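Shown next, in structure tokens, is the structure this report addresses.
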Protein chains: 2
Amino acid sequence: MASALRLFTGNGYFNTSIPDIVSDSGVSTGSIYHHFGDKEGVAKSLFDTLVGWMEEALQQIEKKNSSARDRCRDIIQLLFQIAEEEPDMMEFMLHARHKEFLPQEGPICSSRPFLHMREMVAEGIASGEIQPMDDTVAAAAVFGGALRMIQLRLDGILEKPLTEYQDDIWTTAWRSVAV
Amino acid sequence: MASALRLFTGNGYFNTSIPDIVSDSGVSTGSIYHHFGDKEGVAKSLFDTLVGWMEEALQQIEKKNSSARDRCRDIIQLLFQIAEEEPDMMEFMLHARHKEFLPQEGPICSSRPFLHMREMVAEGIASGEIQPMDDTVAAAAVFGGALRMIQLRLDGILEKPLTEYQDDIWTTAWRSVAV
DNA sequence: GTCTATAATGAGATAGAC
DNA sequence: GTCTATCTCATTATAGAC
């Protein structure tokens with residue numbers, strides 16, 4: 001799975017053949033098919049694992065903080081941290097055109113972690129921390145800038161690590177929706 | 001090219017074969033290879049055309065408005081309009097993992113139109129309309145929310161057209177960076 | 001310039017021993 | 001559970017008539 005993640009994100013799912021994974025991982029063709037069924041199964045297994053980790057991390061953030069402000073700030077920090085420490089993970093979760101090779105999965109934006117992020121924003125609106133507006137708009141405003149910076153970083157546009165921009169991004173993000 | 005755009009965005013570049021384009025367009029295999037060289041040539045031709053249109057539209061916006069505020073507002077309106085009227089165009093420009101099938105093109109974020117958007121934001125900082133900060137951060141803050149909403153719309157998450165959200169998105173976007 | 005027919009490649013997937 | 005060897009087949013790309 002580590003090989004598959006590296007190859008999928010580095011060269012793309014469709015530019016990665018099973019023989020490529022065999023060479024890179026040292027695991028045999030037969031073994032891969034035995035465990036995952038087919039190539040799509042490898043992608044699905046990766047996707048489920050990553051989404052699971054992400055959701056777990058979000059739940060910890062929710063438990064640790066009580067205000068929407070602190071939760072959103074920690075989420076951006078988490079996203080930046082993953083993007084720096086495990087860029088392949090972040091790239092696979094964010095960018096991978098899952099609908100092209102995981103047709104049964106919905107788009108990533110409607111996966112549990114992203115829904116969870118929107119819910120936390122919605123609670124912030126309910127509690128009066130965030131200006132009254134559509135949940136989706138508020139979530140896009142809070143996290144849109146950070147997600148965009150992550151994309152730029154993964155695409156190699158930013159030389160400096162995301163941590164350097166974190167404070168500015170957070171300030172603009174919160175200013176856009178705060179009461 | 002219209003067929004290719006529809007098929008590439010609908011099913012993905014790698015799920016679209018030349019025979020698919022032949023059936024859908026009524027143009028023969030030989031003719032396609034005569035004009036475009038290979039499958040990648042079709043994608044490249046599409047990409048160049050769309051980027052050209054986009055850049056032209058941005059130049060008109062720049063000419064028409066003199067303040068960064070008005071320019072950014074018109075850009076978001078333009079992006080929303082294209083996403084609604086020609087979703088395939090927008091999807092191909094934004095989402096298509098160009099590096100997977102157009103390895104020589106840089107990432108979309110460093111293409112002319114996106115650089116142009118960042119320059120307009122930078123001018124806004126220079127003129128004092130936008131708070132002093134890194135260009136890239138400011139551009140991400142201004143356009144990040146809108147781009148995120150476009151992604152949600154293209155992924156079918158939003159039922160209502162983007163126009164309905166335009167005012168709220170613009171308000172949050174500008175509030176995040178305005179002096 | 002456009003077409004039909006076809007070649008050549010390499011992919012995904014399977015069989016069956018160990 | 002893992003391996004090697006192999007099959008099947010769709011895909012990209014070309015050849016050559018019109």
Side-chain angles (χ1 to χ4, degrees), chain A residues 1-52 88-89 91-93 95-108, chain B residues 1-52 88 91-93 95-106 108:
Chain A
M1 280 176 67
S3 273
L5 177 58
R6 183 171 47 251
L7 293 168
F8 286 170
T9 54
N11 310 326
Y13 176 82
F14 291 102
N15 291 323
T16 302
S17 67
I18 296 289
D20 289 338
I21 302 178
V22 170
S23 310
D24 187 77
S25 65
V27 176
S28 70
T29 312
S31 199
I32 293 173
Y33 277 96
H34 178 78
H35 282 288
F36 299 107
D38 57 7
K39 187 179 162 185
E40 200 176 302
V42 179
K44 184 160 171 42
S45 183
L46 264 176
F47 183 78
D48 291 344
T49 304
L50 298 184
V51 163
D88 286 346
M89 275 181 53
E91 173 120 18
F92 188 80
M93 293 224 348
H95 270 18
R97 303 302 310 134
H98 298 113
K99 76 164 179 186
E100 290 181 18
F101 56 86
L102 291 176
Q104 70 204 22
E105 299 288 335
I108 178 71
Chain B
M1 280 177 66
S3 274
L5 177 58
R6 182 170 50 251
L7 294 169
F8 286 170
T9 54
N11 309 326
Y13 177 82
F14 290 101
N15 291 323
T16 303
S17 67
I18 296 288
D20 289 340
I21 302 178
V22 169
S23 310
D24 187 77
S25 65
V27 177
S28 71
T29 312
S31 200
I32 293 173
Y33 277 96
H34 179 78
H35 282 288
F36 298 107
D38 58 7
K39 188 180 163 185
E40 199 176 301
V42 180
K44 183 160 173 40
S45 183
L46 264 177
F47 183 77
D48 290 344
T49 305
L50 298 184
V51 163
D88 285 347
E91 173 121 17
F92 187 79
M93 293 224 348
H95 269 17
R97 303 301 310 133
H98 297 115
K99 76 164 180 184
E100 290 182 18
F101 56 87
L102 291 177
Q104 69 205 22
E105 299 287 336
I108 180 70

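Fair warning: this is a prediction, and the values are worked out from it, not measured in the lab. Lettering of chains follows the sequences in order, A, B, ..., and the numbering in each one begins at 1. In what follows, every heavy atom counts, from backbone to side chain, and hydrogens, waters and symmetry copies are set aside.
If you take CZ on B:Phe8 and CD on A:Glu100, they are separated by 11.0 Å, rounding to the nearest 0.5 Å. To the nearest 0.5 angstrom, A:Asp38 atom CG is 8.0 Å from A:Ile18 atom CD1.
Cation-pi geometry between A:Lys39 and A:Tyr13 is met: the NZ or CZ atom falls under 6.0 Å from the ring centre, inside 45° of the normal.
Across A:Asn11, A:Asp24, A:Thr9, a single residue satisfies side-chain contact (heavy atoms from CB on, under 4.5 Å) together with A:Thr16, and that is A:Asn11.
The side-chain hydrogen bond (donor to acceptor under 3.5 Å, both in side chains) search around B:Lys44 returns B:Asp48, B:Glu105, not counting sequence neighbours.
Summarising the geometry, the separation between CZ on B:Phe36 and P on C:dG1 is reported as 12 Å, rounded to the nearest angstrom.
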How does protein reach along nucleotides 2-16 of chain C, written 5' to 3' as B (base within reach of a heavy atom under 4.0 Å), S (only sugar-phosphate), or - (no contact)?
BBB------SSBB--
